[in-house]
Amino acid sequence: MADREELESVCKRRGFVWQSSEIYGGEAGFYDYGHLGAKLKDNWERSWKEYFLSLGDHYHMIYTPNILPYRVLESSGHVDHFSDILITCKRCGNSHRGDHLLEDITGESAEWMNKDELSDHILEHDVKCPDCGGDLDEPEDFNMMFEVDVGPKGDRKGFLRPETAQGSYMNFPREYRALRKKMPMGLATIGSAFRNEISPRQGVYRLREFRQAELQIFFVPGKHDSVFEARYQELEKKNIKLLRSDWEEQKEVSLDELDDLPVFYRYHLAKIYEFYSEVMELPHDEFRLRELSEEEKAFYNRIHFDVEVHMESLGGWKEVAGLHYRGDHDLGQHQKGSGQKMSIPIDGERLIPHVIELSFGVDRNIWSILDKGYRTGDRDCMKISGSLAPYKVAVFPLVRKDGILDRSIEVYEALKSKFSTFWDKSGSIGKRYARQDEIGTPYCITVDYDTLEDDTVTVREIESTEQIRIPISELSETIESLIKKEKGFSS
RNA sequence: GCGGCUGUGGUCCAGCCUGGUAGGACUCAAGCUUCCCAAGCUUGCUGCUCGGGUUCGAAUCCCGGCAGCCGCACCA
């Protein structure tokens, strides 16, 4: 429930997120996180790691470089396929995708063609500009990857990685041995990825440099399924909301109704759903899992669901994550390209493991928290899960006299080593509550005259604005159990 | 990338047509006040997107760059 402009204004004013290199006018597709945004992002990434690494006994983080050698992305298919061939009209100057122009005439797929082949076919079919009928110029390559020159002579070509996943694929053989051949094995990573988007828009939704949190899970279907099956038991009656490619509209179904999907896929689908509802605490009717149709999904993805969040500020359902069953495509490509064995021995033969990929756009997820959290009206308020909120608690003196100020500093000092805590004495008490409401601090503690008598303080909750009074000695554990949801807030 | 619109303190906007001291609201900071939800008072910080041109003089007119929004295209 957030108007784009209002939300962007709060983000800039309070310190969440804004355009990068601002003082020089900015550059499209690059954003900075301020002090609150950085805390929120760090908290999200920490929660992501805790949650998803715990899904398997052998799921671990790894970190790999942002720059990849040319050959890696040649093998992965990005050099050929992560690019478009653009053809510009000589008369009206509009650019079109070359393969689409040809497909419109022939009705056959032209995506596989390179520049020269496309050029020949365009001539052969005498294709004209669809906008004005003018003659077309020679095709030009537009690759979405940023090319970099490596080494002193700059003669070694590389790219800024367009996705973080390749690092996990390439490290499969090494980690398979280091982790002592345990399967299913998961290699997760969080880091930057780079895509030279033609026209980045919609704030942090489409960036040229962005963060991904990805988990690649390696296993051999039919061989390692029992591990997934055991974990799946507890979930099979669970309801999740989704939209399948052949359904008219989304609906809530229990997992065991999705019996055309393999159990290992269903298990992770359900866990992703749970992450959005329980960790990110998004309202159930504001996010969904949507299956991509055959036309929409890439050829190597056997099953593909996206997580979509309904974001008012971005005008509707927007993709924030995906779950892809990629078969043996990725390891197969690297085995071919590197000449190294990516297979493992299974019952006397060598098999290339399959991959399911959990892929999250960090910036998009952060934005979805802000979009879903921000409410205006009588009171401007950012409702963020306690575990993600930049500050967990704020401490105020009710008035700045009679020793109350000093007492509030003592309370603040006692809490700040345990929680991200804010202390504020400026303005009226209501103003201070309002400031914390706007940045999503779930609890505000006020030191008042009663505190001087009996060492109790009030704790106010962001959503209801209700207060409870508790002894200072119980403050720390009370706040902790409130944030962890071990205990509900009631006065 | 193409077309349309836009760019003024931290934020949101007025001023531009008709060139001549840049204004408001909110925010922020310091202080006063205050026994619980953006109150009030005092003081203060901060601005014409950038570059060029016209002019005695440009926020204002002209040209260009950059950025943003909307539409088209793009988004393996």
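In what follows, chains are A, B, ... by sequence order, proteins preceding strands, each numbered from 1.
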Could you measure between the two [atom1] atoms, the one in [N] and the one in [M], and give it in whole Å?
N     : M     : atom1 : answer
B/A30 : B/C12 : C1'   : 25 Å
B/C45 : B/G7  : P     : 27 Å
B/U43 : B/C26 : P     : 16 Å
B/C17 : B/C61 : P     : 5 Å
B/U33 : B/G24 : C1'   : 26 Å
B/U11 : B/C72 : P     : 30 Å
B/A29 : B/C35 : C1'   : 26 Å
B/A39 : B/U34 : C1'   : 10 Å

By the 4.0 Å heavy-atom rule, please label [X] as base, sugar-phosphate, or nothing.
X        : value
A/Arg4   : sugar-phosphate
A/Glu27  : sugar-phosphate
A/Gln19  : sugar-phosphate
A/Lys297 : nothing
A/Phe30  : nothing
A/Ser9   : sugar-phosphate
A/Thr458 : base
A/Ala28  : sugar-phosphate

Distance-only donor-acceptor test (3.5 Å): side chain [X], base [N]:
X        : N     : answer
A/Arg460 : B/C37 : yes
A/Glu5   : B/C12 : no
A/Asp448 : B/C35 : no
A/Glu163 : B/A76 : yes
A/Asp380 : B/A38 : yes

Pairing check on [N]: which nucleotide meets the Watson-Crick or G-U wobble criteria with it, both distances under 3.5 Å?
N     : result
B/G51 : B/C63
B/C32 : B/G40
B/C69 : B/G4
B/A58 : none
B/C74 : none
B/A14 : none

Protein-nucleotide distance ([X], atom [atom1]; [N], atom [atom2]), rounded to Å:
X        : N     : atom1 : atom2 : value
A/Gln202 : B/C69 : CD    : P     : 8 Å
A/Arg435 : B/U27 : CZ    : P     : 9 Å
A/Ile23  : B/A67 : CD1   : C1'   : 15 Å
A/Ile404 : B/C35 : CD1   : P     : 9 Å
A/Asp306 : B/A76 : CG    : C1'   : 14 Å
A/Asp402 : B/U33 : CG    : P     : 11 Å
A/His304 : B/A76 : NE2   : P     : 10 Å
A/Glu197 : B/C74 : CD    : P     : 13 Å

Candidates [options] - which lies nearest the side chain of [X]:
X        : options             : answer
A/Lys431 : B/C37, B/A73, B/A38 : B/A38
A/Lys12  : B/A30, B/C12, B/U34 : B/C12
A/Phe82  : B/A76, B/A39, B/C12 : B/A76
A/Ser426 : B/A38, B/A30, B/G1  : B/A30
A/Lys401 : B/C35, B/C28, B/G10 : B/C35
A/Ala434 : B/A38, B/C35, B/A76 : B/A38
A/Arg14  : B/C69, B/U27, B/C36 : B/U27

- Query: A/Tyr205 ring centre to A/Arg364 NZ or CZ under 6.0 Å, with the angle to the axis within 45°?
  - Reply: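 So A/Arg364 does make the cation-pi contact.
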- Task: Starting from the 5' end of RNA chain B, give me the residue, A/Val457 or A/Gly29, whose nearest nucleotide shows up first.
- Result: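 The 5'-side residue here is A/Val457.
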- Item | Of A/Thr446 and A/Arg13, the one whose closest RNA chain B nucleotide lies more 5' |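 Taking each residue's closest nucleotide, the earlier one in sequence belongs to A/Arg13.
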With under 30° as parallel and over 60° as perpendicular, where do the rings of [X] and [Y] fit, or are they tilted in between?
X        : Y        : result
A/His304 : A/His324 : perpendicular
A/Phe287 : A/Tyr276 : tilted
A/Trp48  : A/Phe360 : perpendicular
A/Phe172 : A/Phe218 : tilted

- Query: Are the ring of A/Tyr433 and the six-membered base ring of B/C36 within the stacking cut-offs of under 5.5 Å and under 30°?
  - Reply: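 A stacking contact does not exist, since A/Tyr433 is not both close and nearly parallel to the base ring of B/C36.
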Ion pair present between [X] and [Y], side-chain N to carboxylate O less than 4.0 angstrom?
X        : Y        : result
A/Arg290 : A/Glu296 : yes
A/Arg407 : A/Asp448 : no
A/Asp149 : A/Lys157 : no

- Query: Given B/C74, is OP1 or OP2 found less than 4.0 Å from the side-chain N or O atoms of A/Ser199?
  - Reply: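 For B/C74, neither OP1 nor OP2 has a side-chain N or O of A/Ser199 closer than 4.0 Å.
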- Query: So, the side chain of A/Asp380 versus the backbone of A/Thr376: is there a donor-acceptor pair under 3.5 Å, distance only?
  - Reply: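 No.
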